[in-house]
Q: 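Can you keep this structure in mind? I'll have questions shortly.
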Amino acid sequence: MVQLKTSFFLLLGAVLAQTTVVTGVLSDTNWRVLGPQGINLWKLEKLTTEFSRAALTIQESQQASLNAKPYPEFPAHWFTQPLDHFADSSETWRQRYWINTRHYKPHSGAPVIVIDGGETSGEDRLPFLDTGIADIVAKATGGIGVVLEHRYYGESIAVRNLTTDSLRFLNNAQSAADSANFLAHVQFPGIKENLTASNTPWLYYGGSYAGARAAHMKVLYPELVFGAIASSAVTHAALENWEYMEIIRQAADPKCSAHLENAVRTIDSILLRGDSALDKALKRHLKGLFGVADLEHDEDFVSLVESPLGAWQAKNWDPKVGSTKFEEFCEALDKSIFNHPDLLPGTDDTAVYDPETREVTFPDGLSLDISIINYAKYIRENYVSRCPVDEGVTIEQCFGTFDDSAYSGTSLDDTWRLWLFQVCTEWGYFFNAPPPGLPRIVSSLMTLEYASMTCRQAFPPGKHFIVPEWPNITAVNELGSFDLARDKLAFIDGEVDPWRPCTPHSDYAKDRPDTITRPFKVIPGGVHHWDENGLRNSQDEPPEIQKIHAEIVGFVLEWLKDWKSE
């Protein structure tokens, strides 16, 4: 990522020779939401995690426990796939999958419930195979649960590097063909019966991107997919995705949203003042409060400032699964002046605090609401602190996004390239500011041009493939977009899911009835595919989750009444 001091670099390198590189998502937030700045945070998270592992390995010799598998009941299996389903080629790769047979009772109509791994390691979906949606449906039907890892993700690697050319087989058509080939030909180990899709009802489940894939599988391969459950399914692709943050603005605690709106107005007013010496001094002072005075580009600054908003998507009804980071962030914004002892009267002659207006005024004329001072402290402590400046790394190296060379890594460890490639080629979803005149909790400097800049930096033209100037979102939307509907295709969304504007439950979409044949359900207060996880004892789940799980089992059982084996 960056050039570190020799001692730190050697320590890290020695450990990486012994350990498995961590390539998951950020623990605090979904880095994919944060565009170019998200890639910086991914790199810092990876660096921090690897250094922590180094310390454990060298100081405590706990490497064995770090590599322990959390689900020994579900060993990995492998299925051979062609690299290119649409060409005469002999190149193949192995796709990883896991099965849950604890509820299997051989009988005509016993379904296979497959969870699409989506844009992450399939191991991240194993909880849903153990106590989540796959286990819930399998228990109710005597069926089998499966997690199927997506090509290029986890260990389902089809290539030797992640160059533009190597990534050209990572697209909607190829990945859908993978699933179709699996459904049509897999023979599960230890199972004598023929459970391929011509002989068994297959139910395809996915959440988010994988939810769209579940819906698309029902459209593209209806002869193989008996039924599909599309949760938080982003069936509408778009270049601009400002509505994501608008859902958060409307659904968050009103006081928190007010603080965020005020912060953005103030920050923009300072950044857009002009280029005089005073203007530049105020900008630098503002960035300095957030710990990034040396960050060159204002776009990078506002991108970093919006980072905590990604934590909204990580909320979940199960506290053991979900994150409380967003609530902690909002609480931090509302703290009093006593959260800043250096600014209290009598301790600092350089700033004046007005308790009636809650304004902190500095001698150079910079005046900020205390919530913005709180905001700055939160960013310093939770994000800027990750930058190893003591090891010779600069703030610009950690949080700048305009250096093209920062995106040149193409090894298999650079997994940030995977979803970004899909965004840049077919899906879009660039997180930009709302149109002028609308309320906002992100800066107006978050333009579509800035949000999409990484596509041009990370994927130079290859010999066999060139990333288009803008994503070909037609490849997604021509499959139905907001209006996608089929019999035995269920759509389930969260009421306050920031991805809901891209689903059939979007305010842009036509309303439709909720029926057994075409279920169309919203989880009250729900966020991102809240139906996917469950508890061993379902009675411990919140009422709205018990309800949606019961409804899923109900319509699946009704669907299965129509099954006739061929």
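The figures here come from the full heavy-atom set of this structure, side chains too, leaving out hydrogens, waters and symmetry mates.
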Q: When you measure from the centre of the six-membered ring of W42, is the NZ or CZ of K46 under 6.0 Å away and within 45° of the axis?
A: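 Not flagged: K46 not positioned over aromatic ring of W42.
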Q: Parallel, tilted or perpendicular for F465 and F421, by the 30°/60° rule?
A: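 Geometry flag for F421 against F465: tilted rings.
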Q: Describe, in one word, how the ring planes of H236 and F482 are oriented to each other, choosing from parallel (under 30°), tilted (30 to 60°) and perpendicular (over 60°).
A: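 Aromatic pair H236/F482 classed parallel.
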Q: Hey, can you tell me if F326 and W312 have their rings parallel, tilted or perpendicular (30° and 60° cut-offs)?
A: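 Taking W312 first and then F326, their aromatic rings stand perpendicular (interplane angle over 60°).
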Q: Within the 3.5 Å criterion, strictly below it, is a donor on S208 or H529 matched to an acceptor on the partner's side chain?
A: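 Note: S208 and H529 side chains miss the donor-acceptor criterion.
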Q: Which of parallel (below 30°), tilted (30 to 60°) and perpendicular (above 60°) describes Y71 and F74?
A: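 Ring orientation of Y71 relative to F74: parallel.
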Q: Does a donor on one side chain and an acceptor on the other come within less than 3.5 Å for T196 and N199?
A: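 Result is no, nothing qualifies.
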Q: Would R536 and D135 count as a salt bridge (Lys or Arg N to Asp or Glu O under 4.0 Å) if you check the C-alpha gap in whole Å, the side-chain angles of each, and the deciding distance to 0.1 Å?
A: CA-CA 10 Å; R536 190 79 63 189; D135 187 71; 5.4 Å; no
Q: What class does the angle between the rings of Y97 and H77 fall in, given that below 30° is parallel, 30 to 60° is tilted and above 60° is perpendicular?
A: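 Correct class here is tilted.
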Q: Flag the pair K488 and D562 as a salt bridge only when some basic side-chain nitrogen lies within less than 4.0 angstrom of an acidic carboxylate oxygen.
A: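 Looking at K488 and D562, the cut-off is met.
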Q: Are Y104 and F188 an aromatic pair, judged by ring center distance below 6.0 Å?
A: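 No - the distance between ring centres of F188 and Y104 does not fall below the 6.0 Å cut-off.
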Q: Looking only at side-chain N and O atoms, does T410 offer a donor or acceptor that is under 3.5 Å from a partner on N161?
A: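 Per modelled atom types, N161 and T410 side chains form no pair under 3.5 Å.
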Q: Ring of Y407, cation from K43 - is the NZ or CZ under 6.0 Å from the centre and inside 45° of the axis?
A: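 Yes - K43 lies over the ring of Y407, closer than 6.0 Å to its centre and within 45° of its axis.
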Q: In this structure, are over 12 heavy atoms from other groups packed under 6.0 Å from E91 atom CD?
A: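 It does not: E91 CD has 12 such atoms or fewer within range.
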Q: Once you round to the nearest 0.5 Å, how far does CD of E243 lie from CG of N432?
A: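 Reported value, rounded in 0.5 Å steps: 8.0 Å.
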Q: Using 30° and 60° as the class limits, which term best fits the ring planes of W499 and Y244: parallel, tilted or perpendicular?
A: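 Geometry flag for Y244 against W499: perpendicular rings.
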